[in-house]
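First comes the structure, then the notes that go with it.
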Amino acid sequence: MLRRRLNRLLGRVENRVESRTIYVGHRSSSTNEAIIPPKFCDNRIVSSKYTVWNFLPKNLFEQFRRIANFYFLIIFLVQVIVDTPTSPVTSGLPLFFVITVTAIKQGYEDWLRHKADNEVNKFPVTVLEEGRRIQKESEKIKVGDVVEVKEDETFPCDLILLQSSRVDETCFVTTASLDGESNHKTHYTVPDTEEDLETLNATIECEQPQPDLYKFVGIMNINRHDQESAARSLGPENLLLKGATLKNTQKICGVAIYTGMETKMALNYQGKSQKRSAVEKSINAFLLVYLCILVSKALVCTTLKYVWQNKPGQDEPWYNEKTQREKDTNLYLKMFTDFLSFMVLFNFIIPVSMYVTVEMQKFLGSFFITWDKDFFDPEIKEGALVNTSDLNEELGQVEYVFTDKTGTLTQNNMEFIECCIDGFQYKYPDASSELDGFCVTDGPVNKVQEKAGREKEELFLRALCLCHTVQVKESTEPGQGQEDGLMDQVDGEVLHPPREQRGFIASSPDEVALVKGAMRFGFTFLGLESKNMKILTRNNDIETYELLHVLNFDPVRRRMSVIVRSNSGDTLLFCKGADSSIFPRVKQEEVERIRMNVERNATEGYRTLCVACKYLSAEDYAQADAGLREARLALQDREAKLMAVYNQVETGMSLIGATAVEDRLQEEAAETMEALQGAGIKVWVLTGDKMETAKSTCYACRLFQRSTELLELTVRTLEDGGRKREERLHELLLEYHRKAVQDAPSIKAGVTRTWSSANQDYGFIIDGATLSMVLNASSESNSSSYKNLFLQICQNCTSVLCCRMAPLQKAQIVKMVKNSKGSPITLSIGDGANDVSMILEAHVGIGIKGKEGRQAVRNSDYAIPKLKHLKKLLLAHGHLYYVRIAHLVQYFFYKNLCFILPQFLYQFFCGYSQQPLYDAAYLTMYNICFTSMPILAYSLLEQHICIEVLLDNATLYREIAKNGMLQWRPFLYWTLLGVFHGLLFFFGVRYLFSNPALQDNGQVFGNWSYGTIVFTVLVFTVTLKLALDTRHWTWINHFVIWGSLLFYVFFSFFWGGIIWPFLKQQRLYFVFANMLSSVSAWLVIILLILLSLLPEILLVVFRKPRGPHARQKKPVQSNVGGHQSPRSSARPLLMRTFSDESNTVI
Amino acid sequence: MMASSYNAKDEDGAVTVSLRSKKPENTAFKQQRLPAWQPILTAGTVLPAFFIIGLLFIPIGIGLFVTSNNIKELEIDYTGADVSSPCFNCSQNFSWNSTRPCTCTIPFYLEQPYESNVYVYYGLSNFYQNHRRYVKSRDDSQLNGNMKSLKEPSKECEPYAYHDNKPIAPCGAIANSMFNDTLELFYNDPNGTKIQIPLNTTGIAWWTDKHVKFGNPGVDNPNLTAVFQGTTKPVNWRRPVYELDSDQDNNGFINEDFIVWMRTAALPTFRKLYRIIGKKSGLVPTLPRGNYTLEVVYNYPVRSFEGRKRMILSTVSWMGGKNPFLGIAYVTVGSVCFFLGVVLLVIHHKCGNRNNGGDISN
């Protein structure tokens, strides 16, 4: 979000010219003026990165920009240039392999992109030129061309709609591929252009391309020969975006205004910022340590080498003379090359293969999420979706969960519950008997209490019927290709009234619920035809209203209005919106009666809307109409101007009623939240909703318990006592801080907190306005201290509720927590477009495939169908992934440390001459073949605790909190283990070789036998060490572990069994076989393997008491959970009797 | 992985929608429910292992130790570093070009008779045969009998590849520095006669080395002198390679002394098999107790790099030469395991009753 804004700002700076002029059909406005065709880019979409020619250099360049690849390249080059102990092949081969595989993958992806580009660019389109229809390839469209698009085709570029085949000058469009919203959106032709397009002479002036899909301003100047040129405003409703699809309309004509890479779709395409997991940061830290180890090893060896050589006779004994070139080399240069040689010799300590394995683990591992059938939702017939595989392990590290309320905690499945007309409550008797329908002949609506005047009732119901942007689904029209599409509309709500198949489609389910509600009370919305809204009243009369203006809903105003003209000629404004935005705009004496109802409804967890209306006199309307038109025509600051006019129009209304819509809790929302809290995760609810509604949802989800003391920091509490808000804020913050932070030090321990803990739980409530006061406090010093106080309070509360949040504020909160001390891992979960900002901001963003379109899913890292799936995603998958990858990383460093340490130690015995201990084949294959598969299998399949137990026992999640397995302590443990093993391998064999006559025929072993014995011990030990760590032995583990050991043995036989023609030296010829013929070698191998694993086994045994202990506890704990769970089904909120209400001041 | 374009993505999306609408397969693998063995290491399961290891290793260790102790070994340092040493003169007056070999004689006494085969080793100290420059200074292709490599030795052999513009055969530093002391053993019969002990020159190199890895060039040409025509002997050698032995099967590159030398040692102090004294038939010990004389033709200089030279007489067992390390290590590890087993048992019994119950229930 921020980035987009920034981009836009930058874009503005770059494009000095703020608007562009387009000649429709390339006809100039006046004949005497020569057309200077403005240069715009062509309509070619280039999403591919490479061409055939630049693929190799560009791809290589990009690959070597990765620091790891670059490092290996350097090592390789050093090996090529300097005379180094190992041949360049040893490091070149793996690097080549990695680079090639990546290049092939990227090349393939790019080929796909080329294909997709071509498909788009070569798509035939019809362009109207000089009255003829010309078939063109899509890429040849120029700005100003008039393009014809048929039904179900996608628009080839951004078009201004000029002509539609529909009579009402509209067309329907889905933008599923742009923002994921699959509902039909209505777009309008520019007024007065519906005449013959061939003679249309018009220019369009519009802003320069910008990526916001929902914003567009422009003016169309229509020149007519006989008249003055007329100006028409253009808005997003006239703009058809490239990538959207035409629906329900036979064909349209439009003029291209943005083409190719300047279309909004292309501008919107930007790679999501790469999120990096905490594990990756740990890897980098460890890498640094190992790099230091590497450099210091090389330094030590170089220094010692020159010290050693200083002794007479050591540097160049008679049996080992230097070549002439070596003698000639400068001493310092020689030292430097020696240093490099040592680096090369020890470089295997940082293996290329680790990156490959980690990548593979992440990539393959993420399939388990998509494959999980528990994530499959039969309703939408979809499972989980993984958009990035880089963050799997982060799911096991979450400390804060930020959740949206609507659609996430609740189902966003709205049901009209009751309304209040003029202070009287109307309740539909039984929601379940809906199928009987509310028959018109049944007479007046059922009243709970007294009845308001019939007139008021009807006005209210008419308001409900008129004040919305709902479309009626025309299911009677066959062959429109919508039967299949629309029946499962994500956004739509299909309703079956008794008489006629009728469905409503709207972007917000509230609106559908309201229209349906009105229908139940006898007022049916029949549809919108050429700006006329038809409603069927209780008396079966059809009333028609001319729709004059729609004052669209937006989250800032939190209300929407329509201006309609009734048959009788009255001009009416209906407005509905949140109470807070309506109450100040209506007559105050009306408010009180309604407010009571609204608040009661809100406490019961319903979503409330207030409905107001206003009769507009002719002058008023004229004024409003003029204002609206003017604002709509404005090229700059149109938004702000429109807002001003809206605010002006929406005043002095009279409140006619309020509605209550129930939003049911998601399935198992409470259990999920409980599990998350049990896992030590703090749950924050960030919602745009009212505090009361949100609070009741929190109670229902058991985020707040009965015993929870609520600390409230809202506008209401601030206004208490009638002092200045700032003072009160300061006071409250200090008070809460004292309560939550200072008086409760034990809470800080966090881990000790349990369900039955005697500690006071705190819940914190803040609203958007107060939050912005906290964050943007007047004075600089206050701002930081407030923020700190606020953070500290929040961190000590079990749950925090932030209500009345704007989308950007949600992101702000996430960012604040993310950057707070200890940089905790945050997770955002939401389903709507308003959650995108926080989903992008958090470490892990989770989208719910809910009803509010697919935007959240698109921008998320993981998408799940339901909130309840979060529990398994975090507690089971996240936990396992974290354990797996943490073990993978530690194991990799360990196994390479004990691989290279003997080689380092060998330098002390070979005159620091960089003589490798192992054969080149072993050096190369160790990480690629011998030890890579078992750890990969482990890191994909390991379940140290089985999934059911993880799910039942949320507290297990805490054991791995704070990146527990990749802290310095475990790292030190693994490093020491590696050092121990390395020392053991080397010196064990060293003492064996104090008499190298190891065969029973008295023959002796040489240096390659030495290395092979060490290597054999090494391969077996690291593999068996992994086997010891494996708690979950599937056949794959067995196959891979025993298989790779067997492979090692076979490979060694094979490698040593043949005189290889391409090798300069046959170092290993029969070395392995001879080794196996020596009993001593067998004995030492067995001894060393056993001795290496002994501490490990001991540790496991001594650590054990904790293990079974935890396991034993499990059934007990899950029982504890079981006591609570029966109550917590997704029942409608049970908040009628709030004893806890007394805890807070309302 | 996910950085595909929007175009590609849309396409993917379209494809995956149809795929995704299918319910994920309910296979054990995909649901991570593969049947698995879940070993739990508890004191109960590990304890017997400790005892078994202990009980297994201690006897093996004792066996190894006894075996090693039963191996008889005699080491004689004949470097000639001290004035008192018989080889002092030879070591002092060493020069590469001296035509007259310097011989020294060292008497020694065998306290025990040596039975079975006795192996004669020479040992060098502070000799870095594992130096990188040294290790790679050979041409295995040449040694394998490749005619081309014979005439054009590998660059790795530098600076021992050419001498006087002739290719050196065998090239390289390893070959050049081949050990060339001659060691001879005499048994001083109590009746005064000096009996030379026959030393076998074969059977000292790996069979595969002698028969496959090393080979003389021109297999069909039995006249090695002709084959090696056009090459020159290594600088430090006194004889060319085709005069190493009179026996055709032990001459040239397949000379076993040469092959043994070419297998570079792992550590700077090493021994290499020199000769084998075959066991005599009957009950007569191979080397009876008594006085012996070692006669050394002192050709090999080691003083310049402070090296030492040794002659080692040793019998071998199934485990090879004498080395107490394995025996001690096995006994130690075995006892440690046993001890740990006992400690664990105590812990297990003292405070482990509760755990025990837990283990069983698990």
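By convention in this document, chain letters (A, B, ...) are assigned in the order of the sequence lines, proteins followed by strands, and residues within each chain are numbered from 1.
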### Query
Which bit of A:Phe367 is near chain B, if near means a heavy-atom gap under 4.5 Å: side chain, backbone, both or neither?
neither
### Task
For the pair A:Gln1003 (side chain) and B:Ala205 (backbone), establish whether a donor and an acceptor sit closer than 3.5 Å, ignoring hydrogens and angles.
yes
### Task
Pick one of side chain, backbone, both or neither for B:Tyr128, based on which atoms fall under 4.5 Å of a heavy atom in chain A.
both
### Message
Would you say A:Gln914 and B:Arg132 are linked by a side-chain donor-acceptor pair, where the criterion is simply a distance under 3.5 Å?
### Response
yes
### Query
Salt bridge check: are A:Glu948 and B:Arg33 linked by an N-O gap of less than 4.0 Å?
yes
### Summary
Pair count under 4.5 Å, heavy atoms only, with chain B: among A:Gln943, A:Gln324, A:Arg1067, highest is A:Gln943
### Message
If you count heavy-atom pairs within less than 4.5 Å of chain A, which of B:Asp139, B:Asn126, B:Asn144, B:Ile312 leads?
### Response
B:Asn126
### Message
Need one label for A:Lys322: side chain, backbone, both or neither, based on atoms under 4.5 Å from any heavy atom in chain B.
### Response
both
### Message
Is B:Leu34 in contact with chain A via its backbone, its side chain, both, or neither, using a 4.5 Å heavy-atom distance?
### Response
both
### Query
Do the non-hydrogen side-chain atoms of B:Phe270 and A:Phe993 ever get within less than 4.5 Å of each other?
no
### Task
Please state whether the side chain, the backbone, both or neither of B:Leu344 comes within less than 4.5 Å of a heavy atom of chain A.
side chain
### Message
Quick check on A:Arg325 against chain B: is it the side chain, the backbone, both or neither that has a heavy atom closer than 4.5 Å?
### Response
neither
### Query
At a heavy-atom separation under 4.5 Å, does B:Phe325 approach chain A through its side chain, its backbone, both, or neither?
side chain
#### Entry: Non-neighbouring partners of B:Cys337 that pass disulfide bond (SG atoms under 2.5 Å apart), sequence neighbours left out
none
### Summary
For A:Trp111, the side-chain hydrogen bond (donor to acceptor under 3.5 Å, both in side chains) test, sequence neighbours excluded, returns none
### Message
Within the structure provided, determine whether A:Trp318 and B:Asn236 are in side-chain contact (heavy-atom separation under 4.5 Å).
### Response
yes
### Query
Can you say whether the rings of A:Phe1005 and B:Trp206 are parallel (under 30°), tilted (30 to 60°) or perpendicular (over 60°)?
perpendicular
### Task
Measure B:Phe127 against the heavy atoms of chain A and call it side chain, backbone, both or neither at under 4.5 Å.
both
### Message
Ring-plane angle category for B:Trp37 and A:His1038, please: parallel below 30°, perpendicular beyond 60°, tilted otherwise.
### Response
parallel
